[in-house]
Structure formats: structure tokens, C-alpha cells
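Each remark here refers to the structure printed beneath this line.
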Number of protein chains: 2
Amino acid sequence: MEPDAAAAIGARLRATRQARGLSLGTLASRARVGKGSLSELENGARNPTLSTLYALAGALGVPLSTLLAERGGAEVTSPGIGARLLDATRHPDGTTVEVYLLHLDPGARHVSTAHGPGVVEHLLVTHGRARAGVTGREIEVGPGQTAVWQSDADHGYQALGRSAVEAVLTIRSPSREPGQAG
Amino acid sequence: MEPDAAAAIGARLRATRQARGLSLGTLASRARVGKGSLSELENGARNPTLSTLYALAGALGVPLSTLLAERGGAEVTSPGIGARLLDATRHPDGTTVEVYLLHLDPGARHVSTAHGPGVVEHLLVTHGRARAGVTGREIEVGPGQTAVWQSDADHGYQALGRSAVEAVLTIRSPSREPGQAG
DNA sequence: CAGTATTGTTCTGTATATGGAACAGCGCGA
DNA sequence: TCGCGCTGTTCCATATACAGAACAATACTG
């Protein structure tokens, strides 16, 4: 297998567990999995079995595919910028929604030309500060704040200050316009 | 594990293999997996390892999540409400961010008691209309709009009108307060 | 400060998943 | 009828994932 696929899944496992506020021991006992197994698994030092994966996903209340990081692995769009597609759904009425997890290195900047009409982007900053929006009308957003813009004009986002930016970027395209990360 | 989860995955495996017109032996050798292992695996008499699953999925040219039985495992939190965790990350500074894909049946309503201080929730509606926010101060949002609230007070969201609501819910918790979907 | 949880780690014997060999059931050509 | 190539199955020795215990390192509590 990919040498670090186990590591990736372990990291996701740990992240989800901690996000739930669970200790390693409690999750292990809830999932009826050995504490040691879970520890080594989170550290990527194991090649888990389908049964243990199911058990852990079940105890976390998460579909197993969530733990299987393999959704379009970290796509690097520009230097200093990483975007990971979390989900892309197409509603029956044709609108598509893409959800990205975005990482901007300090100072990184991304600009994009206009998309089709009606495309709306939401940038929800979870760490650091950023400037985002249509070119010339950017606004500044910090953790827990969202910038929204219509991307039918040139637009972009950039990291402010000296710390990296983590954000959730959602792109909603009304009809058949394919969304691009940015 | 669920007794038939292995059987389900085995069936899918066999189906995709045959759809590719591959014999058991050729797939086994391409994936560098024992013939016997693959046979028993397809018959549901095995509890495969992540590495063998990856190897087989890779040789079939299929994302692993395709082979997993639980496609689109929607977690049902309340009747008429489905939430699927897309991602849960914990930043080094301790803040955790959870991103959910949310589905509300027409008229469905969800209320939640107060979480710890500093928790911020963002509800980005991608389809339908919803009312969301702190109890008594809800706002109405439609496609492409976001409702934001501090969830240190009772809060909730509900679908308006006669169509279902699709949304992206992001919960940002500053310290170690475990986030709950809602 | 000790005393006591509670954390996550490393260790160990056992169960089992693994690759490969041996096996059986075909179709086909001579 | 053989023989040969193919199919997929069952068997076996070995590697390893497993549960749990024993451990260490960090908190609370008196």
C-alpha cells in the first residue's frame, strides 16, 4: 500500500477522536478495540483490518469513507496553497456544491478570473487572517468569520500577517458551470 | 464487525472484477495479492487488511470508497435530518473545526442546547430555505447565504417551505469543547 | 507534597490474514 | 482418451494484527 496511507488514516482518526473530545482509552473501549491497537493505529504503525476500521468509524459516528482520506488528496494549486476537496455534490436541480479545506502559507495569495454568472464562494476562516473577495472589494476576515462574494468577476484571497491560514471554501454553482478552487 | 460487511465488500469486489473482465488470478497477480486471499475475500470469508483493500482497489482502478459497502453513510441525528461529517481537524492551538454536510427534510427542525463559550456555527444553505440561529434571533437564509451564530445559547435550524434543505454546517470550537452536530 | 486518576505508549501471547502451493472442475484441440 | 491451459477453491507455514497488561508521563486532589 502507499507507505503513508496508514499514516494518513491514523492522523484522520486521531483528529476526529480529538474533535469529539474523546480520550484514546474511551474510544478504544467504546469501539471494543485494544488501547494499544488504537494507539499504534493512530501513529500509522499498523495496517488495520476492515473490522477494526468499521468498529472505530462506528464508535465515532462517522462513515468509514470519511476516515479513508483518499478523497482527492491534497491538491496543490499554487505554491504555498493547498486545497483538499471534501465533497462535491450535484443537486437534482443541477446546482453543484464543492467544499474545500484550504491552507494558505503566510503571505500566500491566490487570484482567479471570473467564473460563470451566479457562482457564489464562501470563505470561512478557521485560523489566521485573510483578505478575500472580488478584486478591489476584498474584506478582511479572521477566525470564525466568513467572506462571501459572487465570482463572476476577478477575485481571490490571501493570507495576512505571519501565520498560516486555514479555511473552508465552499463554491456553489447554480447550473452547469464547473467550479474551480478559487 | 457486521457479519455481512465483509460479504458485501466481497460481492462488490467480485462484481467490479468481472465487470473489468479480469480473472481472479490476473487480478490477484496485478494487485500482488495471493490468489487464495482474493478468493476467500470475494466469498466474504475474510476480514481484509487496509493494505490489501488498497492494492485491489488500485489494481481495479477504483477509489476504495467505491468498494466499501456503506456508500453515502448518512448519519441520522433526528428524524428527517441527516448529517455527514466531511472533516474534523484540530489545529495545533487546540481549536477544532468540524464540517458537516446537512440534509433537512421539508419542515424538519433541529434544536440544540448551549455549547461551551466561543463555539461558532456557520450554516451555508445550498438548496432550499431555512431559519437558523440562536433561539429567538433566527434569521432566514436561502441558497448561497450563510447564517452565523455563537452557540453558547440555545440554538437550532429548520427547513422552511415545502422543499428539502441542503447545507454545509461548520462548527468551530476554540478550545477543547467537543463539538456536536447542531 | 504524596496519592490517585487519566493520559498515551510499548510489550506479549494468541488469533488470524497473508502468499503460495496443492488441488479440483472446466473447455478445447489433437 | 489423453494432455494442456485455464478457471476458482482449499490447505499450510509464516508474518502480523489483535486484545490486554504492564508501563510511563502528565494531570488533578487532598
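So you know, we letter chains A, B, ... as the sequences are listed, proteins then strands, and number each from 1. Excluded from the calculations below are hydrogen atoms, water molecules and symmetry mates; all remaining heavy atoms, backbone and side chain alike, are included.
Look at CG on A:L50: it is 12 Å from C1' on C:dA17, rounded to the nearest Å. Note: CG (A:L38) to P (D:dA21) measures 16 Å, nearest angstrom. Protein atom CG of B:L13 is 16 Å distant from nucleotide atom P of C:dA17, rounded to whole Å. Taking atom CG on A:L41 and atom C1' on D:dC18, their separation rounds to 11 Å, with Å as the unit. Rounded to whole Å, atom P of C:dA17 lies 12 Å from atom CG of B:L53. Between the C1' atom of C:dG8 and the CG atom of A:L22 lies a distance of 15 Å, rounded to the nearest Å. Put simply, CG on A:L24 is 15 Å from C1' on D:dC23, counting in whole angstrom units. Rounded to whole Å, atom P of C:dA17 lies 15 Å from atom CG of B:L56.
No hydrogens or angles considered: a donor-acceptor pair under 3.5 Å links the side chains of A:T146 and B:H122. Residues A:T113 and A:D154 have side chains that never bring a donor and an acceptor to within less than 3.5 angstrom of each other.
Residue contacts shown for B:T49 are limited to sugar-phosphate atoms, with no base heavy atom under 4.0 Å away. Counting non-hydrogen atoms under 4.0 angstrom, A:S37 reaches a base of the nucleic acid. As judged by a 4.0 angstrom heavy-atom cut-off over every strand, B:E42 is placed among residues making no nucleic acid contact.
Checking A:T16, A:L13, A:L56 one by one against A:V62, the side chain to side chain contact (heavy atoms under 4.5 Å, CB included) holds for a single residue, A:T16. Screening A:L123, A:V119, A:I139 for a side chain to side chain contact (heavy atoms under 4.5 Å, CB included) involving A:W149 leaves a single residue, A:L123.
Considering only the side chain of A:E40, C:dT10 comes nearest among C:dG19, D:dT9, C:dT10.
Within 3.5 Å, a donor on the side chain of A:K35 pairs with an acceptor on the base of C:dG8, or the reverse.
Sequence order on DNA chain D of the closest nucleotides to A:A31 and B:S39 puts B:S39 first from the 5' end.
One finds a side-chain N or O of A:R17 lying less than 4.0 angstrom from the OP1 or OP2 phosphate oxygen of C:dG8. For the OP1/OP2 pair of D:dC18 and a distance below 4.0 Å, the side-chain nitrogens and oxygens of A:R46 include at least one atom meeting the criterion. For C:dT16, neither phosphate oxygen OP1 nor OP2 lies less than 4.0 angstrom from any side-chain nitrogen or oxygen of B:N47.
The 12-atom threshold is not exceeded at CZ of B:R109, counting heavy atoms of other residues, nucleotides or ligands nearer than 6.0 Å.
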